[in-house]
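Data first, discussion second: the structure below is written as structure tokens.
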There are 2 protein chains.
Amino acid sequence: MTPKYKGIREILLARITDGTWPPGAAIPHEAALAEEFGVTRPTISRALRDLVEGGLVERRRRAGSRVALRHTPEAVLRIPVVRDEIEGRGGIYAHLLLGRRAAAPPAAVRAAFGLAPGKPALHIRSLHFDNGRPQQLEDRWINLRVLPEAADQDFSATSPNEWLVRQVPYSRAEQVLRAAAAEPAAAEALHLPPGAAVFVIERTTWTGGDAITQVRLTHPAETFRIVTRDGW
Amino acid sequence: MTPKYKGIREILLARITDGTWPPGAAIPHEAALAEEFGVTRPTISRALRDLVEGGLVERRRRAGSRVALRHTPEAVLRIPVVRDEIEGRGGIYAHLLLGRRAAAPPAAVRAAFGLAPGKPALHIRSLHFDNGRPQQLEDRWINLRVLPEAADQDFSATSPNEWLVRQVPYSRAEQVLRAAAAEPAAAEALHLPPGAAVFVIERTTWTGGDAITQVRLTHPAETFRIVTRDGW
DNA sequence: GAGTGGTCTAGACCACTCG
DNA sequence: GAGTGGTCTAGACCACTCA
């Protein structure tokens with residue numbers, strides 16, 4: 001049996017998409033809807049909350065609910081874990097550790113990690129293969145102040161990402177997605193001509209107030225895309 | 001006054017991030033948490049639901065709640081409306097209509113639109129400028145079966161996107177993000193050298209069962225990025 | 001000041017899933 | 001079968017915001 005609030009949500013959604021309530025129009029009060037559908041107000045509120053989270057409806061106290069003018073489409077973005085992605089489409093995954101050393105990180109990383117100048121962080125470079133073809137170049141810094149045990153970890157067997165996932169769940173992450181022309185070192189590692197188009201993801205991850213790790217993932221443009229869905 | 005469920009959510013979050021409940025660990029039953037915090041079970045459920053939506057917790061009936069092994073980070077992706085984005089950072093926005101005609105769309109578009117072979121759709125190409133510099137090339141098809149009034153619309157004043165937003169709120173969208181080497185026509189329009197790296201967004205939008213529009217947005221790599229945040 | 005949404009309670013029944 | 005989360009009710013108080 002499907003929950004009442006979901007059924008109501010679908011009916012309200014239909015009224016929005018079929019033009020009964022065009023963009024900008026007022027939606028009846030929660031109390032009125034509760035009476036119409038023969039449920040209590042919290043149930044209506046639950047249905048409306050989903051529509052608000054989906055960006056279709058805006059609610060303000062005194063002012064009531066309205067159909068949103070959707071200026072900013074929102075979608076849930078899943079950044080795939082490279083191994084899951086490759087194995088999910090039947091490819092053979094492999095992982096090669098290119099380098100691993102403690103070093104003073106660049107200023108941007110140092111600031112995010114809250115490190116004093118000259119203090120080291122762990123720098124790891126590795127390459128992820130799909131059926132023997134380089135699919136992702138990973139350039140990662142790990143905050144040794146937060147995760148000193150990373151210094152003793154051998155990342156040739158377990159990839160840094162998989163290890164980190166089991167250590168600390170992050171509470172907050174920020175990601176930048178962009179296209180770029182491949183820098184020489186990246187182009188060489190990925191077997192691309194210099195200047196080839198690549199897709200770059202830069203992610204910084206925090207737990208509590210401290211950044212745990214910052215990573216740049218570089219992908220050949222031809223073999224990488226992110227697909228995203230929105231709505232129901 | 002901050003709601004109880006938010007306060008509880010923060011406490012639970014802290015227990016997860018500080019390692020009290022490491023990844024994979026069981027979280028006490030809702031009933032136990034309700035007693036601990038002196039609230040009723042629905043309030044606990046509300047707090048946990050937020051954590052589930054944030055990907056930090058997994059719940060299964062009989063089995064209870066656990067801290068998730070976060071294999072798939074999720075983030076809310078906001079694809080900016082080009083005009084808002086440019087004006088938001090103080091730039092001067094301009095919009096130039098390059099072409100507008102009814103034509104038979106390519107097969108992929110025809111399938112999404114549910115059109116018979118040879119049936120026309122509206123094809124619009126336009127360019128969006130930031131302080132006089134080309135910032136986005138828009139290549140759009142509009143389904144005239146669903147929106148016949150688009151045929152009479154003059155898109156030189158109002159951009160297709162702004163017009164569409166006011167006509168139909170979409171119920172579902174799918175987007176593909178990728179990097180590419182600019183094709184000759186795109187490179188020329190964007191004043192880029194041929195083969196330059198570009199960031200491409202392809203979005204298909206549905207309302208009910210019919211796709212309304214499909215659009216490809218091409219951006220110079222140097223001037224475009226998407227920033228995304230996750231968690232609290 | 002008054003109307004609307006935001007939240008909470010106390011209790012209940014049910015669905016799902018594990019043992 | 002039994003334990004856990006999923007949902008719902010009936011009623012309530014409060015916060016915010018508009019007129």
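Residue numbering restarts at 1 for every chain, and letters A, B, ... go by the order of the sequence lines.
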Can you tell me how far [atom2] of [N] sits from [atom1] of [X], to the nearest Å?
| X | N | atom1 | atom2 | result |
| --- | --- | --- | --- | --- |
| B:E58 | D:dT4 | CD | C1' | 16 Å |
| A:E35 | D:dT9 | CD | C1' | 16 Å |
| A:D50 | D:dG6 | CG | C1' | 13 Å |
| B:F37 | C:dT9 | CZ | C1' | 18 Å |
| A:R46 | C:dC8 | CZ | P | 15 Å |
| B:R66 | C:dC18 | CZ | P | 11 Å |
| A:L51 | C:dG5 | CG | P | 14 Å |
| A:I44 | C:dG6 | CD1 | P | 13 Å |

- Query: Now, which nucleotide makes the Watson-Crick or G-U wobble pair with D:dT17, with each of the two distances under 3.5 Å?
  - Reply: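 Looking at the geometry, D:dT17 pairs with C:dA2.
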
- Query: Is there a Watson-Crick or G-U wobble partner for C:dA10 with both distances under 3.5 Å, and if so, which one is it?
  - Reply: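 When the pairing criteria are applied, D:dT9 turns out to be the nucleotide that pairs with C:dA10.
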
Check whether [X] reaches the backbone of [Y] with its side chain - one donor and one acceptor, N or O, closer than 3.5 Å.
| X | Y | value |
| --- | --- | --- |
| B:N143 | B:F113 | yes |
| A:Q135 | A:T223 | yes |
| B:D139 | B:R125 | no |

- Task: Consider only side-chain N and O atoms of A:S156 and A:D154, and report whether a donor and an acceptor are under 3.5 Å apart.
- Result: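 Present: a donor and an acceptor within the cut-off.
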
- Item | Distance-only polar pair, side chains of B:S45 and B:R59, donor-acceptor under 3.5 Å | yes

- Message: How long is the straight-line distance from CZ of B:F37 back to OG1 of B:T43, given to the nearest 0.5 Å?
- Response: 11.5 Å

[N], OP1 or OP2 - any side-chain N/O from [X] closer than 4.0 Å?
| X | N | value |
| --- | --- | --- |
| A:T40 | D:dG11 | no |
| B:R60 | C:dC16 | no |
| A:K4 | D:dG6 | no |
| A:R59 | C:dG6 | yes |
| B:S65 | D:dT4 | no |
| A:Y5 | D:dC8 | no |
| A:T43 | D:dT9 | yes |

Which nucleotide in the list [options] gets nearest to the side chain of [X]?
| X | options | value |
| --- | --- | --- |
| A:R61 | C:dG5, D:dT7, D:dG5 | C:dG5 |
| A:E30 | D:dG6, C:dG5, D:dG3 | C:dG5 |
| B:P42 | C:dA10, D:dT17, C:dT7 | C:dA10 |

- Message: Assuming nearest nucleotide by heavy-atom distance, tell me which of B:G64 and A:K6 is located more 5' along DNA chain D.
- Response: B:G64

- Query: Starting at the 5' end of DNA chain C and moving along, which residue's nearest nucleotide shows up first, A:R49 or A:R62?
  - Reply: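 The 5'-side residue here is A:R62.
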
- Check: C:dA10 base within 3.5 Å donor-acceptor of B:R41 side chain: no

